[in-house]
Amino acid sequence: MPASEVDTETGLLTDSFGRTARDLRVSLTDRCNLRCSYCMPAEGLPWLPDEQTLTDDEVLRLLAVAVERLGVRKLRFTGGEPLLRASLERLVAGAHQLVTHEGRPPEITLTTNGLGLDKRLSGLVAAGLDRVNVSLDSLDRQRYAALTRRDRLPDVLASLRAVEQAGLTPIKVNAVIMREVNTDDIVPLATFALERGYQLRYIEQMPLGPKHSWDRRQMVTAAEILEALGEHFTLTPLDEPRGAAPAELWQVHPTEQTPGGIIGVIASVSAPFCGSCDRTRITSDGQVRNCLFSQVETDLRGLLRRGATDDELALAWRGSHLTKGPGHGIDLPGFHQPDRPMSAIGG
Ligand code: SAM
Ligand code: SF4
């Protein structure tokens, strides 16, 4: 639909608290080639059968509804591991053809563990990929292998170099810090990122991995991460409006050994940013989730396969957002971890 015909007054994903979702996380698969201990059990999970996974055409139809009817501006492909989707280039190219309410293609990004990204990067960039976030929790090969249960650190580093050469800036690196697992990586990861001009973002571990594996008292908090960094670097809060961005950004001052730069801390648990959330999500089996932690989903795949029109899909998606809660409530007494783990929701 041409942008001029879109009803921008009524067509947005606005919830009952006045937040509007502009950023869509699209999970392309629940499968993964790593087994990060905060995300998946060693044996993996019961994967979705192929027939329940959205086809490429179904994904592209939902993306068109989101961007051209519902006002979504940013698309982030994720999973599971999105590079396991052989048709990722086709999906990026299809997404790049869409026109936002502002008359531009949506911003297209990828969150990936980086395995094999170097080999596919040029095709993805040609298709319209704008940026990537690469997950990297340790620079110590043994610790990386223990944490992800696969000895693949060299592959991730090769991919980061390829992203740097392709000039896809800013290059964001995500690190989840776990007590007695990779706290010794806090400073080396910062040094590594600053030396290369990457934007490192530490993420507090959330209760979205194997059931009963998360303990609030054991979680490494943003405050602890900042304290560890403060012993080596001088940090000042970046004086910029944060908007809906999850990361609190810090300016790191240069030292004699290390250049300065920007580091982010995502305090999802200790300082939630739900009040300014602008996310909506679809799982690889076509369920809309209005929050990572929601207990209910809206079945767009069922609607699609029963022949729903774009109007009907948009209406159902908007209905999902009207029920979005004020926050995830991890710290509230009645909190229940969602049945789906992070890898099946799309992080
Ligand atoms: N496989 C890709 C990757 O690892 O980047 C994309 C999917 S992964 C679920 C997306 C992000 O979620 C990663 O940065 C990962 O570190 C993060 N993540 C996974 N489980 C988490 C948890 N329990 N708490 C916080 N972050 C988590
Ligand atoms: Fe795979 Fe990403 Fe989960 Fe690690 S965090 S197991 S790479 S989906």
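For ligands, and for the atoms within them, numbers begin at 1 and follow the listed sequence.
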Gap separating the CG atom of Asp137 from the CG atom of Leu153, nearest 0.5 angstrom: 10.5 Å

side-chain contact (heavy atoms from CB on, under 4.5 Å) between His101 and Leu12, worked out: CA-CA 10 Å; His101 288 189; Leu12 302 179; 4.0 Å; yes

Ligand-residue contact atoms, ligand 1 with Glu81, heavy atoms, under 4.0 Å: 1 (N), 2 (C)

Atom 8 (S) of ligand 1 [closest protein heavy-atom partner, distance rounded to 0.1 Å]: Gly79 O, 4.3 Å

Ligand 1 to Asp137 polar contact by distance, N or O atoms, under 3.5 Å: no

Check: Arg73 side chain, Pro105 main-chain N or O, donor-acceptor pair, under 3.5 Å: no

Nearest-contact summary for atom 26 (N) of ligand 1 - protein heavy atom, Å: Val176 CG2, 3.6 Å

Sidechain N-carboxylate O distance under 4.0 Å for Asp56, Arg85: yes

Within-cut-off N or O pair, Asn133 and ligand 1, under 3.5 Å: no

Passing option when His321 is tested against Asn290, Thr280, Thr298 for side chain to side chain donor-acceptor pair (under 3.5 Å): Thr280

Side chain to side chain contact (heavy atoms under 4.5 Å, CB included), paired with Leu91, selected from Ile108, Leu60, Val26, Leu75: Leu60

Residue and atom, protein N/O/S, under 2.8 Å of atom 3 (Fe) of ligand 2: Cys39 SG

Geometric N/O contact Thr78 with ligand 1, under 3.5 angstrom: no

Distance-only donor-acceptor check, side chains Ser270 and Thr221, under 3.5 Å: no

Lys74 atom NZ, neighbour heavy-atom count above 12 within 6.0 Å: no

Nearest-neighbour protein heavy atom for atom 11 (C) of ligand 1, which is reported as residue plus atom name and distance: Thr111 CG2, 4.3 Å

Partners meeting ring-ring contact (aromatic ring centres under 6.0 Å, His included) with His328 (sequence neighbours left out): Phe293

Nearest candidate to atom 5 (O) of ligand 1, where distance is taken over non-hydrogen atoms, out of Cys32, Ser135, Cys36: Ser135

Nearest-contact summary for atom 16 (O) of ligand 1 - protein heavy atom, Å: Tyr38 OH, 3.1 Å

Asp57 side chain to Thr55 side chain, donor-acceptor N/O pair below 3.5 angstrom: no

Asn174-ligand 1 polar pair, N/O distance under 3.5 Å: yes

Ser135 side, atom OG; Lys172 side, atom NZ - distance, nearest 0.5 Å: 13.0 Å

Enclosure of Glu51 CD (heavy-atom neighbours >12, cutoff 6.0 Å): yes

Backbone of Ser320 reached by a side-chain donor or acceptor of Thr323 within 3.5 Å: yes

Heavy-atom gap Gly80 to ligand 1 smaller than 4.0 Å: yes

Asn113: numbered ligand 1 atoms lying under 4.0 Å from its heavy atoms: 2 (C), 3 (C), 5 (O)

Atoms of ligand 1 close to Glu204 [distance to a heavy atom under 4.0 angstrom, numbered from 1]: 25 (C)

Option with minimal heavy-atom separation from atom 27 (C) of ligand 1, where the choices are Arg76, Met342, Met206: Met342

Test of proximity, Thr112 against ligand 1: N or O pairs below 3.5 Å: yes

